Amino acid sequence: MPLPTPHPLDNQFIQGYCPSVGAAPATVYIRIPMRCQIVQISSCLQGAIATANASCGVALNGGASFATLTIPFTSSAAGQVNTVLPNSITWANEGDVISITPSGASGAAAAIFDISILQV
């Protein structure tokens, strides 16, 4: 079924896979394909987090974090989706790199991160 309001053609999604947001967190690096505005960051868990929330700092080119995505551990399970908006308008250029660094959680849950960008 089509969306009631289609996504604009200049709205695109890029993805990165994180093998662990839990006990041995792994940083994810995602290349930006074009000049754009970063609109939102989402995660989709591939398994449960055991004891504490995962706090994922999102940074551009190794700079300060422009958003923090929290993945709660209560009732966490495969398929859980969490979303955060940047703290302020964030622009990126082609070739820039977004890093997503999870911390604080335990367990061996993996996650897929989606970044929604608006081409300019």
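Bear in mind the structure is a predicted one, so any value in this text is a computation, not a measurement.
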Notebook entry, point to check: Going from OG on Ser116 to CD on Gln37, what distance comes out if it is rounded to the nearest 0.5 angstrom?
Noted result: 9.5 Å
Item checked: Residues Phe66, Val58; criterion side chain to side chain contact (heavy atoms under 4.5 Å, CB included); working and verdict -> CA-CA 6 Å; Phe66 65 83; Val58 184; 3.5 Å; yes
Next item on the list: Would you check if there is a donor-acceptor pair between the side chains of Ser99 and Thr27 at a distance under 3.5 Å?
Entry: no
Next item on the list: First locate atom CD1 of Ile38, then atom CG of Leu118, and finally report the distance between them rounded to the nearest 0.5 Å.
Entry: 11.5 Å
Next item on the list: Could you tell me whether a side-chain N or O of Ser20 sits under 3.5 Å from a main-chain N or O of Cys18, the two making a donor and an acceptor?
Entry: no
Note to self: How long is the straight-line distance from CD of Glu94 back to SG of Cys36, given to the nearest 0.5 Å?
What the structure shows: 10.0 Å
Note to self: Under a 3.5 Å distance rule, please check whether Ser42 uses its side chain to pair with a backbone N or O of Asp114 as donor and acceptor.
What the structure shows: no
Next item on the list: Mind checking the CG-CG spacing from Leu85 to Leu69? Nearest 0.5 Å is all I need.
Entry: 10.5 Å
Item checked: Distance, nearest 0.5 Å, that separates CD1 of Ile14 from CE of Met34 -> 8.0 Å
Notebook entry, point to check: Per the side chain to side chain contact (heavy atoms under 4.5 Å, CB included) rule, which among Thr90, Ile117, Ile32 passes with Ile98?
Noted result: Ile32
Margin query: With rounding to the nearest 0.5 angstrom, report the CG to CD1 distance, Asn82 to Ile41.
Written below: 12.5 Å
Check: Do side-chain atoms of Asn93 reach the backbone of Arg35 as a donor and acceptor pair under 3.5 angstrom?
Finding: no
Next item on the list: Determine yes or no for a side-chain-to-main-chain donor-acceptor pair under 3.5 angstrom, with Ser76 supplying the side chain and Ile49 the backbone.
Entry: yes
